[in-house]
Protein chains: 2
Amino acid sequence: MENSDTFDLQLFLPYLLNQAAEESSLSFQRVYKDRYGMLRTEWRVLFHLGIFGQMTARDIGLRARLHKTKISRAVQKLADRRFITRHRSDADRRQELLELTAAGRTAYLNLRTIAERYQADLGTDFTKAELALLQNMLQRLAGKTGNKQR
Amino acid sequence: MENSDTFDLQLFLPYLLNQAAEESSLSFQRVYKDRYGMLRTEWRVLFHLGIFGQMTARDIGLRARLHKTKISRAVQKLADRRFITRHRSDADRRQELLELTAAGRTAYLNLRTIAERYQADLGTDFTKAELALLQNMLQRLAGKTGNKQR
DNA sequence: GCTTGTTAGTTACAAAAACAACTATTATTC
DNA sequence: GAATAATAGTTGTTTTTGTAACTAACAAGC
């Protein structure tokens with residue numbers, strides 16, 4: 001009954017990435033959850049609108065790689081909380097133009113400040129070069145194959 | 001209506017890590033899901049038992065940072081599929097000693113081979129040094145604060 | 001311009017995850 | 001050593017996610 005095997009789970013990238021992602025999300029998640037009652041998809045949508053301005057759900061899905069049902073639900077909740085407005089497009093009446101309200105923008109700016117602080121705090125653990133390399137590698141990993149969630 | 005803001009979501013670590021984790025999990029997930037009908041927690045439990053041999057649910061929870069209810073259900077499914085056996089411990093009759101069956105070990109070895117191949121394939125995109133640094137940084141990120149999921 | 005196919009977004013239902021409350025057993029403390 | 005607390009694991013309920021099927025609008029082909 002030899003049970004010593006030599007596979008290091010801690011180095012297996014899908015596992016390791018999930019652990020790191022979960023851990024690094026925690027503190028930030030607590031803020032948007034406790035403070036704004038938001039879910040992960042919701043802050044993602046909020047941030048996309050904050051950063052890029054007016055977008056359709058489709059645009060967000062393409063950029064964030066989120067499935068349309070997730071976005072649909074996030075948009076509903078954000079609209080309920082008066083964080084975004086929705087206007088049917090005249091050019092194509094299937095799609096809706098989404099935009100932050102003043103309240104939404106405030107929430108976004110607030111969360112963005114916290115995100116920036118989090119990012120800055122990483123500077124104490126990693127050098128600028130390390131961080132840049134990490135980001136570069138993660139982007140390569142993230143972009144690899146087209147996972148069509150649209 | 002100035003909507004050009006300068007926050008790069010693609011560089012924000014919690015977001016970026018999640019994107020990378022999701023992408024890198026995909027191909028491997030497909031294997032244990034389609035081939036063995038396993039969920040993520042289930043393969044994690046399977047691997048822990050494959051690597052470390054006999055363990056209790058508690059041990060697994062500590063190592064893998066999984067909540068006990070998740071483990072409890074994963075253990076049930078794995079036992080249903082005859083991949084693991086469970087024996088009440090004599091030393092402490094609250095806990096159960098979990099172990100792979102022959103079938104479980106076969107599945108584990110099979111999945112491990114695929115995991116190793118995946119890991120090896122990364123060598124085409126990254127140098128050994130890059131990979132080592134990535135793993136090191138991710139481990140530091142993952143280990144940061146004790147997220148007690150037990 | 002009518003049929004057929006696509007696309008944007010929603011809704012309904014099934015699967016999975018999160019959270020709380022529970023049982024059984026062991027540890028602690030007085 | 002009885003009462004209280006803590007621990008291992010399970011079960012039940014609620015949220016959230018995933019998936020498929022749907023509606024409404026547009027696009028293409030003929």
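Chain letters run A, B, ... following the sequence lines, proteins first, then strands; residues in each count from 1. Fair warning: this is a prediction, and the values are worked out from it, not measured in the lab.
For DNA chain C, if you chain together Watson-Crick or G-U pairs that step i with j, i+1 with j-1 and so on, the runs of at least three with distances under 3.5 Å are C:1-30 with D:1-30.
Residues satisfying the side chain to side chain contact (heavy atoms under 4.5 Å, CB included) test with B/Ser27, not counting sequence neighbours, are B/Tyr118. Among residues two or more places apart in sequence or in another chain, the side-chain hydrogen bond (donor to acceptor under 3.5 Å, both in side chains) test is passed with B/Thr41 by none. By the side chain to side chain contact (heavy atoms under 4.5 Å, CB included) test, A/Glu130 is found to be paired with A/Phe126, A/Thr127, B/Leu133, B/Met137, B/Arg140, residues two or more places apart in sequence or in another chain being considered.
Put simply, A/Lys33 has a side-chain N or O that comes within less than 4.0 Å of OP1 or OP2 on C/dC19. Contact between the side-chain N/O atoms of B/Lys70 and the OP1/OP2 oxygens of C/dA18 is found at a separation under 4.0 Å. The side chain of B/Ser72 contributes no N or O atom lying less than 4.0 Å from OP1 or OP2 of D/dG9.
For B/Leu39 and D/dT17, the CG to P distance is 15 Å, given to the nearest whole Å. When rounded to the nearest whole Å, the span between CE of B/Met38 and P of C/dA15 equals 19 Å. Rounding to whole angstrom units, NE2 of residue A/His67 and P of C/dT10 are separated by 13 Å.
Using a 4.0 Å heavy-atom distance criterion, A/Thr41 is classed as making no nucleic acid contact.
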Only pairs under 3.5 Å count here: list side-chain donor-acceptor contacts from residues 30-37 of chain B, not counting sequence neighbours, and write none if there are none.
from	atom 1	to	atom 2	distance (Å)
B/Tyr32	OH	B/Trp43	NE1	3.3
B/Arg35	NH2	B/Asn110	OD1	3.4
B/Tyr36	OH	B/Asn110	ND2	2.7

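For DNA chain D, the residues of residues 86-98 of chain B within the heavy-atom distance limit of 4.0 Å (strictly under) are B/Arg86, B/Arg94, B/Gln95, B/Glu96, sorted by number.
The aromatic ring centres of A/Tyr108 and A/Phe83 sit 6.0 Å or more apart.
We find the CG-CG distance between A/Asn136 and A/Leu131 to be 11.5 Å, quoted to the nearest 0.5 Å.
Within the cation-pi definition used here (under 6.0 Å to the ring centroid, within 45° of the axis), B/Arg112 does not qualify as a partner of B/Phe47.
Checking side-chain atoms of A/Ser89 against main-chain N and O of A/Gln95 turns up no donor-acceptor pair under 3.5 Å.
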